[in-house]
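Notes to accompany the following structure.
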Amino acid sequence: MTSTGSDSPATPLLVSTPADLRSATTRLLERAAFGRGAAEGPPSLGLVPTMGGLHEGHASLARTARAANDVVVASIFVNPLQFGDSADLDRYPRTLDDDLRLLGGCGVDVVFAPSVEDMYPGGEPLVRVGAGRMGTVFEGASRPGHFDGMLTVVSKLLNLGLPATTADYRAYFGEKDAQQLALIRRMVLDLNVPVRIEGVPIVRDADGLALSSRNRFLSPEERRAALVLSKVLVSLRDRAARREPLDLPGARARVAAEDLVDLDYLDVVDPVSFTPRGQERAGEALAVVAARVGAVRLIDNTFLPAVA
């Protein structure tokens, strides 16, 4: 695996075009392969797709990729196809200099930060990846078209990052966006994309709030109110561990009791298909929640212990 060889973090190589990305990763992979014995196998490339506005949750993705791969690439691209509201797109944080420092501190080798024209050279794509039924429930119901846009850009990034030389290939996504992760895994399976998808656990602040680029927009009062989301998830997880009824209506009422929180959904689903499980479940399940806190939309989830 590569190393900066210095006490201070290296600045990642910043590239903006697909050609430069391919050139940089090929050079680094060939360097990593030089002198390897046959028993060591091929070098590996880890891809960490992001939209920027990075925080410790993204750092966890980058560090996980760094620990497992010879070459690590992170992408920063605010994808317009994922935003139904142009105001939300404009509001999304763009913090490239800070993002580069964070990624450099995690040992990322290359940062791919394309323009919209670099990603969509023919204009808005006429052909997109469809999320199907999984893209119409929960987040997909609340944000129509969001998952089609997400899968379209992720498929492009996975293809753009595909090693041009012999190498193992992995991509890293946070488990906080559980439905997104499930859809990406399904897309890779259904379309035979030659990459291994790795989920990385949720990173939380000390108060339990899941890290999000949108948390910076919460007022102190809104942040305190938002803690009810992680608290109800912990309560559901504890009930499941004790084999008690989950009491989803009671959990929803607890969220609704917070004046600053507007609940979108709180449910228990199959973690692979996102089919609702409800109160009756067998095997591992996922509790998912989404709510608007003030003007900020937040999501969170937790795995529930399997019931024999």
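Residues take their numbers from the sequence shown, with the count starting at 1. Please read all numbers here as calculations on a predicted model, not as lab measurements.
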Inset, instruction - Go through the steps to decide whether Ser230 and Asp300 satisfy the test side-chain hydrogen bond (donor to acceptor under 3.5 Å, both in side chains), and finish with yes or no. - result: CA-CA 7 Å; Ser230 58; Asp300 202 349; 5.1 Å; no
Does [X] use its side chain to pair, donor to acceptor, with the backbone of [Y] at less than 3.5 Å?
X: Tyr92; Y: Gly52; value: yes
X: Thr152; Y: Asp148; value: yes
X: Arg133; Y: Ser273; value: yes
X: Ser23; Y: Ala19; value: no
X: Arg237; Y: Val232; value: no
X: Thr17; Y: Asp20; value: yes
X: Arg243; Y: Ala241; value: no
X: Arg277; Y: Glu284; value: yes
X: Ser213; Y: Gly53; value: yes
X: Asn215; Y: Ala210; value: yes

Legend entry - Partner of Leu103 under side-chain contact (heavy atoms from CB on, under 4.5 Å), chosen from Leu14, Leu54, Val110: Leu54
Legend entry - Option among Arg91, Met51, His146 that satisfies the side-chain contact (heavy atoms from CB on, under 4.5 Å) test with Phe83: Met51
Inset, instruction - Please test Asp205 against Arg223 for salt bridge (Lys or Arg N to Asp or Glu O under 4.0 Å), starting from the C-alpha separation and ending with a verdict. - result: CA-CA 11 Å; Asp205 274 328; Arg223 184 184 176 91; 2.8 Å; yes
Inset, instruction - Could you note down all residue pairs passing salt bridge (charged side-chain N to carboxylate O under 4.0 Å, His left out) where residues 49-62 supplies at least one of them, sequence neighbours left out? - result: Glu56-Arg63
Got a list of side-chain donor-acceptor pairs under 3.5 Å for residues 175-183, not counting sequence neighbours?
| residue | atom | partner | partner atom | Å |
| --- | --- | --- | --- | --- |
| Gln179 | OE1 | Glu139 | N | 3.1 |
| Gln179 | NE2 | Met134 | O | 2.8 |
| Gln179 | NE2 | Val137 | O | 2.9 |

Short side-chain donor-acceptor distance under 3.5 Å, [Y] and [X]:
X: Ser44; Y: Asn69; result: yes
X: Ser115; Y: Asp118; result: yes
X: Tyr120; Y: Asn79; result: yes
X: Thr275; Y: Asp270; result: no

Inset, instruction - Answer yes or no: is there a side-chain heavy-atom contact under 4.5 Å between Leu45 and Arg170? - result: no
Legend entry - Flag side-chain contact, heavy atom, 4.5 Å: Val73 against Leu21: yes
Legend entry - Over all atoms of both residues, closest heavy-atom pair of Leu160 and Arg22: O-NH2, 3.8 Å
Legend entry - Shortest non-hydrogen contact from Tyr172 toward Gly46: CE1-CA, 3.9 Å
Inset, instruction - Could you tell me whether Asp88 and Arg297 have a side-chain N and a carboxylate O separated by less than 4.0 Å? - result: no
Legend entry - Salt-bridge criterion met for Asp109 and Arg66 (N-O under 4.0 Å): yes
Inset, instruction - Would you please name every residue forming a ring pair (Phe, Tyr, Trp, His ring centres under 6.0 Å) with Tyr169, sequence neighbours left out? - result: none
Inset, instruction - Output the distance between atom CG (Leu13) and atom CG (Leu100), rounded to the nearest 0.5 Å. - result: 10.5 Å
Legend entry - Atom pair CE (Met187) and CD1 (Ile197), whose distance is rounded to the nearest 0.5 Å: 7.0 Å
Inset, instruction - Let me see the working for Leu233 and Val289 under side-chain contact (heavy atoms from CB on, under 4.5 Å), right down to the final yes or no. - result: CA-CA 8 Å; Leu233 291 176; Val289 65; 3.9 Å; yes
